[in-house]
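In what follows, a single structure is set out as C-alpha cells and then discussed.
Each chain gets a letter, A, B and so on, in the order its sequence line appears, and its residues count up from 1.
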Amino acid sequence: MSRISIEQVKHVAHLARLAITEEEATMFAKQLDAIITFAEQLNELDTENVPPTSHVLNMKNVMREDVPTAGLPLEDVLKNAPDHQDGQFRVPAILE
Amino acid sequence: MSLFDYRVSELHNLLHKKEISVSDLVDESFKRIAEVEEKVQAFLTLNEEQARVKAKQLDEKLATEKEFGLLFGMPIGIKDNIVTKGLRTTCASKILYNFDPIYDATVVERLNEADAVTIGKLNMDEFAMGSSTENSGFQLTRNPWDLERVPGGSSGGSAAAVAAGEVPFALGSDTGGSIRQPAAFCGVVGLKPTYGRVSRYGLVAFASSLDQIGPITRTVEDNAYVLQVISGLDPMDSTSANVDVPDYVSALTGDIQGLKIAVPKEYLGEGVSEEVRQSVLDALKVLEGLGATWEEVSLPHSKYALATYYLLASSEASANLARFDGVRYGYRTDNAKNLMEMYKQTRSEGFGNEVKRRIMLGTFALSSGYYDAYYKKAQKVRTLIKQDFENVFEKYDVIIGPTTPTPAFKIGEKTSDPLTMYANDILTIPVNLAGVPGISIPCGFVDGLPVGLQIIGKHFDESTIYRVAHAFEQATDYHKQKPTL
C-alpha cells in the first residue's frame with residue numbers, strides 16, 4: 001500500500017501553497033512515497049521512553065532587556081517589494 | 001605560482017614588507033576569475049567595483065595606520081544564502097532572483113570589521129537543498145579537478161572557487177554536510193562549526209536547528225583565521241552560544257602525541273568505496289606515526305540518521321520557506337487574479353522541484369495525524385544519535401572517518417532519484433544532528449579525484465579538530481596539489 005496518495009499530495013500542496021499539475025502530483029506522490037517508506041525504518045527503534053531533541057545545546061529561554069530600538073527605515077523595507085502603495089505592501093484582491 | 005598559494009600569515013608578511021598591496025590580492029582574484037570562471041561557473045554575482053574601492057581604502061590604511069583586522073586585505077567569496085547589504089543575494093533560487101538585502105549578515109559584518117574584501121557571491125543548490133549544486137536555479141558549477149563532475153553541494157560554488165584559486169577563502173553553510181562534502185570533492189578544507197558557534201543572523205534559514213556557517217579554505221591555518229573572525233555570541237541570534245572563543249591559530253601546535261581517535265565501524269562499512277576506505281586507513285597510519293592511537297568504535301544509530309535528517313530538515317524547511325510568498329520581496333507571478341492564486345503561482349514558478357519536494361515532505365510530516373509518527377519520532381531518534389556521540393566522546397578526543405562514501409560523481413549521475421542523491425550524505429548528516437563540529441581535509445586521490453578525511457570533535461572543541469587536521473596537513477602534501485584548469 002502506498003504511504004501517500006495522489007489526493008493527499010494535492011492536499012499537502014495546497015497546505016504548502018504550491019500549485020501543482022496532475023502530472024506533478026503523480027511524480028511527487030511516487031517520490032514522496034519512496035522517501036516516506038524509507039523513513040519508516042525508524043519504526044524499528046523503540047523510542048517509547050526517549051525524550052525528543054529539538055535543540056542540541058543545553059540552553060533555553062534566552063532573554064534580553066526589552067529596550068526599544070529604531071526599526072528599519074520604511075524606504076528599505078519596501079525596497080524589495082514587488083508592489084507597494086502609500087507605504088504599504090500591495091497584494092491582489094483577497095476576496096473575489 | 002599564485003598569491004593564493006601563500007597562507008594568510010605569509011600574505012600579511014608580504015603586505016607589511018610592501019612586497020604586495022591589497023589591490024594586488026584583489027587583482028589576483030579577478031584575474032583568475034577571468035581565466036577560469038567560464039569553465040568552473042562558481043560565482044552568481046561579482047562585487048568587482050566595490051572590491052577595488054575597498055582595496056584602495058585598505059592600501060591607504062596600510063600606509064598610515066598601525067591596527068589591522070585579522071583578515072586584513074584578504075579576498076573572500078560568500079555563499080549566496082548569506083545576505084550582503086546592497087549585493088544581490090539569491091539562494092540560487094528564481095524566487096529571489098532580484099533580492100537586494102538591506103542589511104549584512106553578522107558574519108559579513110565581522111569579515112568587514114576584520115578588513116576582508118568581498119569578491120562575490122557563490123553558487124549553491126537552491127536554498128542549500130542538494131549535494132551537487134545541480135539544483136541551482138541559475139547555473140551548473142563544475143568540479144575544477146574534472147569538469148565533467150559535480151563540485152558537491154550545497155556549497156559547491158564556495159568549494160570550487162577556492163579549489164580553482166579564484167579566492168583564497170569562502171564561506172559556506174552546512175545543514176547535513178554542505179560544507180564538508182563539497183570540500184572533500186574539491187580537495188579543500190571545510191569546517192562545520194559546533195551548532196551555536198557562529199551566528200546564523202542573515203543566513204537564509206533552511207533547517208534552523210541544523211544550519212551553521214563555516215569557512216572553506218586551502219589550509220587548516222587559514223580556516224582557523226576565518227573561524228576566529230566569525231565566531232561568538234550575537235544578540236541577533238538567540239541560538240548563538242555564550243561560550244568563549246579560544247585562540248584557534250595558537251591551537252595549531254603540530255603535537256598530537258597521546259591523542260585518542262575513535263573510528264566508527266559504520267563509517268568504513270557498506271556503501272563506502274574500497275579506495276576511500278584505504279585512503280582513510282592510510283591517513284590513520286600517518287596520525288599513528290605522529291603519536292596518536294586509534295580504536296574501532298560503534299555509533300549504532302548511524303544508519304537511522306539519513307531518515308531522521310530528511311524528516312526534521314524538511315519539516316523545518318517547510319516552515320522557514322513559508323516566508324517566500326511574493327508579498328515583501330523576491331519574485332511575484334503575473335498570473336494571478338486573487339491572493340491565494342498569487343501565493344500558489346508565485347511559489348510554484350519560483351521554487352525548483354527539490355525545494356517543492358522537501359516543502360511537501362515537511363508539510364506532510366508536520367500535518368495533523370502524521371506529526372507523532374514522523375516528526376516527533378525523528379526528534380526522538382535524534383536524541384539516540386546524539387547520545388551515540390556523547391558515549392564515544394567520553395573516552396576519545398576525536399572521531400575520524402571518510403567525509404563521503406565516494407569521490408565526486410558525474411554531472412547528471414544521481415539526479416533522477418532523490419534517495420540516491422541523499423545517500424551521499426550518510427557520513428556527514430549525523431554530525432549536524434548531534435550539533436558537534438566536523439572538518440573535511442584532503443587525504444588522498446582516487447583516479448585524480450580528491451578524497452576527504454572527516455575529523456569530528458566534541459561540542460565547542462574546534463581547537464582539537466584543527467590541531468589534528470593541521471598535524472596531518474604538515475605531514476602530507478595533499479593540500480599542495482592543485483587542479484589543472
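Note that CZ of Phe99(B) is 5.0 Å distant from CG of Asn80(A), once rounded to the nearest 0.5 Å. Expressed to the nearest 0.5 Å, how far OH of Tyr343(B) lies from CG of Leu18(A) amounts to 14.0 Å. Between Ser54(A) atom OG and Lys376(B) atom NZ the span is 11.0 Å, to the nearest 0.5 Å. Interatomic distance, Arg17(A) CZ to Thr363(B) OG1, rounded to the nearest 0.5 Å: 10.5 Å. To the nearest 0.5 angstrom, Leu15(A) atom CG is 12.5 Å from Ile359(B) atom CD1. Between atom CD1 of residue Ile4(A) and atom CG of residue Leu361(B) there is a gap of 8.0 Å, rounded to the nearest 0.5 Å.
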Candidate pair Gln8(A) and Tyr370(B), rule side chain to side chain contact (heavy atoms under 4.5 Å, CB included), full reasoning:
CA-CA 12 Å; Gln8(A) 273 178 300; Tyr370(B) 297 97; 2.7 Å; yes
- Query: How far apart are the C-alpha atoms of His55(A) and Thr239(B), what are their side-chain angles, what is the distance that settles it, and do they pass the side chain to side chain contact (heavy atoms under 4.5 Å, CB included) test?
  - Reply: CA-CA 9 Å; His55(A) 191 270; Thr239(B) 65; 3.9 Å; yes
| field | Residue pair Tyr374(B), Ile36(A): steps toward the side chain to side chain contact (heavy atoms under 4.5 Å, CB included) verdict | value | CA-CA 9 Å; Tyr374(B) 295 108; Ile36(A) 293 163; 3.3 Å; yes
Using the rule given for side chain to side chain contact (heavy atoms under 4.5 Å, CB included), can you reason through Met59(A) versus Asn242(B), listing the C-alpha separation, both sets of side-chain angles and the distance that settles it, and then say yes or no? CA-CA 10 Å; Met59(A) 59 199 284; Asn242(B) 193 1; over 6 Å; no
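Between Thr47(A) and Lys377(B), the shortest heavy-atom distance links the atoms OG1-NZ, 2.9 Å. The minimum heavy-atom distance linking Val327(B) with Phe89(A) is given by the pair O-CD2, 3.6 Å. For the pair Gly326(B) and Pro82(A), the tightest heavy-atom approach, listed with the atom from each and the gap, is O-CG, 3.3 Å. In terms of heavy atoms, Asp83(A) sits closest to Arg332(B) at CB-NH1, 3.6 Å. For Asn338(B) against Pro92(A), the heavy-atom pair with the smallest separation is C-CB, 3.9 Å. Of all heavy-atom pairs spanning Arg357(B) and Leu32(A), the tightest one is O-CD2, 3.7 Å.
With a 4.5 Å cut-off on non-hydrogen atoms, Thr333(B) does not touch chain A at all. Using a 4.5 Å cut-off between heavy atoms, Lys356(B) contacts chain A through both its backbone and its side chain. Residue contact with chain B, scored on non-hydrogen atoms closer than 4.5 Å, is absent for Glu75(A). With a 4.5 angstrom heavy-atom cutoff, Ala365(B) does not touch chain A via any of its atoms. Neither the backbone nor the side chain of Ser208(B) comes within contact range of chain A; no heavy atom of the residue lies under 4.5 Å from a heavy atom of that chain. Met360(B) touches chain A through backbone and side chain together, each having a heavy atom under 4.5 Å away. Looking at Tyr103(B), neither its backbone nor its side chain comes within 4.5 Å of chain A, counting heavy atoms on both sides. For Met63(A), no part lies under 4.5 angstrom from a heavy atom of chain B. For Val62(A), the part lying under 4.5 angstrom from a heavy atom of chain B is the side chain only. Neither the backbone nor the side chain of His84(A) comes within less than 4.5 Å of any heavy atom in chain B. With a 4.5 angstrom heavy-atom cutoff, Phe389(B) does not touch chain A via any of its atoms. Heavy atoms closer than 4.5 Å to chain B are found in the side chain of Gln31(A), but not in its backbone. Contact annotation for Ile385(B): neither backbone nor side-chain heavy atoms come within less than 4.5 Å of a heavy atom of chain A. Contact annotation for Ser238(B): both backbone and side-chain heavy atoms come within less than 4.5 Å of a heavy atom of chain A. Interface residue Asn98(B): only backbone heavy atoms are found under 4.5 Å from chain A.
If you tally non-hydrogen atom pairs under 4.5 Å between each of Leu45(A), Val12(A), Ile20(A) and chain B, the highest count goes to Leu45(A). The most heavy-atom pairs under 4.5 Å with chain B, out of Ala13(A), Ala81(A), Ala34(A), Pro73(A), come from Ala81(A). Counting heavy-atom pairs closer than 4.5 Å to chain A, the top residue among Glu316(B), Met340(B), Gln387(B), Glu349(B) is Met340(B). The most heavy-atom pairs under 4.5 Å with chain A, out of Leu311(B), Leu321(B), Asn353(B), Thr194(B), come from Asn353(B).
Of the charged side-chain nitrogens involved, at least one lies within less than 4.0 Å of a carboxylate oxygen, so that Asp100(B) and Lys79(A) count as a salt-bridged pair. Note on Glu44(A) versus Lys303(B): salt bridge recorded, some NZ/NE/NH1/NH2 to OD/OE distance being below 4.0 Å.
Heavy atoms from other residues, nucleotides or ligands lying under 6.0 Å from CG of Asn335(B) number more than 12. The environment of NZ in Lys10(A) is crowded: more than 12 heavy-atom neighbours from other residues, nucleotides or ligands sit within 6.0 Å.
A side-chain donor-acceptor contact under 3.5 Å links Thr383(B) to the backbone of Thr53(A). For the pair Arg347(B) (side chain) and Ala16(A) (backbone), a donor-acceptor distance under 3.5 Å is present.
A heavy-atom distance below 4.5 Å is not found between the side chains of Arg328(B) and Val77(A).
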